Structure formats: C-alpha cells, structure tokens
Amino acid sequence: MQKLNLSSKGEAASSLPIRAIQFGTGNFIRCFIDWMIYKTNEQGLFNGRVLALQCTPHGNSVPKLKEQDCLFTTVLNSYVDGKACQEIDLVNAIADVKNPYDEWESVLCAATDENVQFIFSNTTEAGITFSEESPFNTDVCPQSFPGKLTAMLFERFKALKGNAKAGLWIVPCELIEDNGLELKRIVLKHADEQNLGDEFKAYVNEQCRFLNTLVDRVVSGFPYAEKEQYNEKLGYEDKLISCGEKFHFLAIEGGADVAEALPFAKAGLNVVVADDITPYRVRKVRILNGAHTANVPAAVLSLLETVDEMMANEVTGKFARSVIYDEIIPSLKLDKDMLVKFADDVVARFSDPALHHQLTDILMNCTSKINARVIPTILDARAKGVLPMKLCFALAAYIALYKNATQVPVVVQLSNGKTKEFYDDAYAVDVISSAWTHYRKNEASAVFVVQAVLSDSKLWGCNLSSDIDLVVITSRLLHAIISDGAMATMRDLLEHY
C-alpha cells in the first residue's frame, strides 16, 4: 500500500500563499476549518492555505502531517432518503505544520508574514483561559494558547508597525460564550502582565478583529477499527483520515465585511454571518454539546464505546433522549418549536452508525466541558425552582470517572476489569482525586466528595455547593453509581422521574 504524499498522488505543491495560521492539528479543525478552506479554494474564493500549529507539548500529529506533505482525507457520512451516503475529499489546505515548542522562533517569524490575515483556533474550552507566563522571548514558547497568540501578535506589531496589513482577524472555534471577546480580553491581560505597552494594546484594539463564532459538526476522527478497509478503498495509506458527518454549520458574528473576507457562504457552505449569534450558540452548546457531555460519562461507566451505541442501547438511549427533551429544552428561554426541531436533528445525528464517535474522545478536557455545557443548564433549571435529576446524575457520573485518578491522563477503572483513559486539566484532576479521599463507601461520605468538588470556585466560577439540594441529590446518585452501577441507576431514574 503506497503512502500518502504529493508524489504518490502525482500532485504538484500548491502555489497558494499562507493566509491563515491555525492553533490545532486535531481531527475537528482539520475536518471543519481546513475542509472549508479547501472547498472555498476549489472555487477560487479564498485562495490561500494554512500554517497549522500543534497546541500542546504531547501532540503527535505534526510528524504524521509532515510525512504526508500535509495532505489528509476527510470522509463525511450522511443519510439521504434512508440510504447511507459518503463524501470523500483529499484535503490540501495545510501548507505547513510546526511544533511551536521546538520551532518557536520560526513560528514568530511566520506571524510577521504580510500574506497572513487570519488566525483560527480549536483548543477546546480549556484553551481560552488565562495562565501566568514567563517573560516573552524568542527562545521559549509560552505554554497557553492565549500566551502564544499574544507573543505572535506582539512580534507582528513590531515588524509591521504602520503597515496597513498589520492587523489580523482572529476566528476562535472554541465552544465558549463570546469566544472572540473572551480571547481578546485575555490577550490584553497578557499585554499588561508582560508590559507590552499602550501602543501594542491600541494595535490589538484598533487593528485586530476578534470574531465570536459557533461551530457545529460531529467529527468522530480516525477510523481505527476500519482503517484497513478505508486504506483499501482509498488506494493509499492515510494516517490522518478524519471521519465525520456531512452536516456542518458555522455562525460568525459580524457584518457584510466579514462575509466578504471569509467567503464560505458564497462557496455554498452552511455558514451564517449575523449581528447576534446567541440563539445559535445557546441551542447548540446546551443541546448537542450538553447532551454529549452529560451522557457520555455514564455510557463509559456502562462499558459502551461509541455515541451511536449509546443511543441504540435501551437504557442509555432513552436516558439521553430524556435529558434533552425533559431537562435541557425546558430550561432554555428560546422558541420551543425551534429547539425541538434542532433536538430531533441532534438525536438523528447521534444515532448515525456510520460515525462511530468514540466516547473517550468526548471526555477530553471533561471538566471545562461540564462547566460550559452542563452547569449553565442546571443553574437555569434551579432558577426556575426545578432540580434536574438526570443532570444531577450526569454530574455524579462525571465525578465517578475520577474515583481512582491520581494524575493526568485520568485512568478510569471499569467494572469488567478494563480501563479507559482521557486527558483533563491537571488542577481539576487534583481537586477531584483529592475529594475522593473522603469516600468511605457510604452515602454520607459521598456528600463530602461532592461538596469538595462543587465548592471549588476556580473550577466552576462560583461555589456550587451552596445549593444544598444539588449537593444532596448528586451525592445520593454518586453513591448509587458506585454501589449499583451507572446502568442500574439510570434505569431507576427513568422509572421514577
């Protein structure tokens, strides 16, 4: 089987310039932003490619991308009139890829290129947070995404001062509210912490655009179980096949100038540019992402592997649907018909057996996802005087994942003797694993575990343990999960609530 690269495909290197730098080399951003750029380039509308940067020190996609001349295959699945359909593209949108931890000076140099106009990112919700950084220099890469971005903007500011092309448009794809504005706030905070000066801050405020966005596409990633079949079908070995659903949606907050600068909609892609994208964001983050994040911990504890398997299971499938229709939707202050229609589509997308979306992929950075996608729904329900029992269970199942955790990655001990592992913020793992030292195999001690987790304001932005009913019910459900198992506890909840 031939390896995937330019020569094996008989393709010449693209002459299109690098017009964007992206933070992230993972499946989602490649199957979403890079795929969109590729599709737009096909119609001669964007006419640029991407420099992709590895986000974390432990990533492994950079050497694979280099080996494949930055080519990769997207496999998008859909059902049309009850028949499975598949769209396959060989994406040639990435021009180069760098590991900033090894090539920081080169990355800074790339940031000063006049051809570069956009910054894209997908670093998960945990990525857009402020962390203290050592003084910026050209030798040492800052650890956080906003730290890297600030240093790159500062380098560009110094190199292109007075140049009309100095400003950049920053387009974050992380699923947090007002992601562009929050990223800008953190960049300016870094500017103050690093004493970068008022002139640089004026450059950030006046010449750079930070756009709020919402992204939507389920990307299941590399098809490990079917890789041989895919390689045979493609006629080459691709170590970075990215599978997902054909459905895609991008909302960008802005006006006509944004639609012109990023002509995705003109290329026929499902992209909306609007003055206010709040309704799109709320329905997607709370229903689709919230349902993923709320239901996956219990599904993992119930020995399931994929989202479609979770939806097909008699108990977990019914439970997931109930979470969406009985608890998430009633908490939202949006048009109910619109929410139900979106939820119906979400359930169908979750149930698609072609995706094989691994549950452990969804667990990555679980704490920040719980905080952004599930806690707001619980708080909205509590504001209406409702205690959402199934979301309390979801919170308990999330805490149960960390019962034997000691460090990153989190290793989940399953009832069949096997283990699963995922990465989460080190501080979150420390807090939750420390809380488990209170557990003594009884319901009373479960209260101490839940109180210790929910009282940490650094994790949640407030002291959730001040809600006594939330603590008591979540503790009772946590003890039931440990004693009787997640599946049995879900059955009980479905019977009584």
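Note that the coordinates shown come from a computational prediction; the quantities given were computed from them, not determined experimentally. Along the sequence shown, residues are numbered consecutively beginning with 1.
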Given 3.5 Å as the limit, does a donor-acceptor pair link the side chain of Ser445 with the main chain of Asn442, or not?
yes
Show your reasoning for whether salt bridge (charged side-chain N to carboxylate O under 4.0 Å, His left out) applies to Arg349 and Asp216.
CA-CA 12 Å; Arg349 291 162 64 190; Asp216 189 358; 2.7 Å; yes
Exactly one of Thr129, Asn179, Thr123 should register a side-chain hydrogen bond (donor to acceptor under 3.5 Å, both in side chains) with Glu174. Which one does?
Thr123
Distance from Tyr224 atom OH to Ile241 atom CD1, nearest 0.5 Å?
11.0 Å
For Asp361 and His357, test the side chains for any donor-to-acceptor distance below 3.5 angstrom and give the result as yes or no.
no
So which heavy atom on Thr360 is nearest to which on Phe422, and how close?
O-CB, 4.2 Å
Exercise: do Ser475 and Glu443 side chains pair donor with acceptor under 3.5 Å:
no
Nearest heavy-atom approach of Gln54 to Tyr101 is O-CE1, 4.3 Å
Could you state the interatomic distance from CG (Asn77) to CD (Gln86), rounded to the nearest 0.5 Å?
5.0 Å
If the test is side-chain contact (heavy atoms from CB on, under 4.5 Å), which one of Ile252, Val285, Leu250 qualifies with Leu214?
Val285
Per-pair distances, 0.1 Å, donor-acceptor, side chain in residues 391-407, under 3.5 Å, sequence neighbours excluded:
unit_1, atom_1, unit_2, atom_2, d
Tyr398, OH, Thr367, OG1, 2.8
Tyr402, OH, Asp424, OD2, 2.6

Got a salt bridge between Arg281 and Glu177, using NZ or NE/NH1/NH2 to carboxylate O under 4.0 Å?
yes
Judged by modelled atom types alone, do Ser220 and Gln358 share a side-chain donor-acceptor pair under 3.5 Å?
no
Could you tell me if the ring centre of His58 sits under 6.0 Å from that of Tyr423?
yes
Tell me whether the rings of Trp169 and Phe118 are parallel (<30°), tilted (30 to 60°) or perpendicular (>60°).
perpendicular
Ignoring hydrogens and angles, state whether a donor on the side chain of Asp326 or Tyr497 is under 3.5 Å from an acceptor on the partner side chain.
no
Might you work through the salt bridge (charged side-chain N to carboxylate O under 4.0 Å, His left out) test for Glu327 and Lys384, ending with a clear yes or no?
CA-CA 12 Å; Glu327 295 196 348; Lys384 294 182 176 182; over 6 Å; no
May I ask you to check whether Asn371 and Ser368 show a side-chain donor-acceptor distance below 3.5 Å?
no
Sidechain N-carboxylate O distance under 4.0 Å for Lys333, Asp380:
no
State yes or no: are the ring centers of Tyr38 and Trp35 separated by less than 6.0 Å?
no
Checking side chain to side chain donor-acceptor pair (under 3.5 Å) for the pair Arg373/Thr293: CA distance, chi angles, key distance, verdict?
CA-CA 7 Å; Arg373 305 172 178 185; Thr293 302; 3.1 Å; yes
Reported CD-to-CE distance for the pair Glu421 and Met364, which is rounded to 0.5 angstrom
9.0 Å
Short side-chain donor-acceptor distance under 3.5 Å, Asp308 and Ser351:
no
Out of Val218, Asn270, Asp345, Leu76, which residue meets the side-chain contact (heavy atoms from CB on, under 4.5 Å) rule with Phe247?
Asn270
Evaluate the criterion salt bridge (charged side-chain N to carboxylate O under 4.0 Å, His left out) for residue pair Glu226 and Lys233; output intermediate values, then yes/no.
CA-CA 11 Å; Glu226 302 91 11; Lys233 182 175 184 177; over 6 Å; no
Taking all heavy atoms of Ala294 and all of Val323, pick out the closest pair and write down the distance.
CB-CG1, 4.4 Å
Phe350-His292 aromatic ring centre distance below 6.0 Å
yes
Spacing of Phe342 atom CZ and Asp337 atom CG [to the nearest 0.5 Å]
15.5 Å
Could you tell me if Asn365 and Thr124 have a donor-acceptor pair between their side chains, going purely by distance under 3.5 Å?
yes
Is it the case that the ring center of His190 lies less than 6.0 angstrom away from the ring center of Phe130?
yes
Judged by modelled atom types alone, do Ser61 and Thr25 share a side-chain donor-acceptor pair under 3.5 Å?
yes
Under a plain distance cut-off of 3.5 Å, with no hydrogens placed, do Asn289 and Arg286 share a side-chain donor-acceptor pair?
no
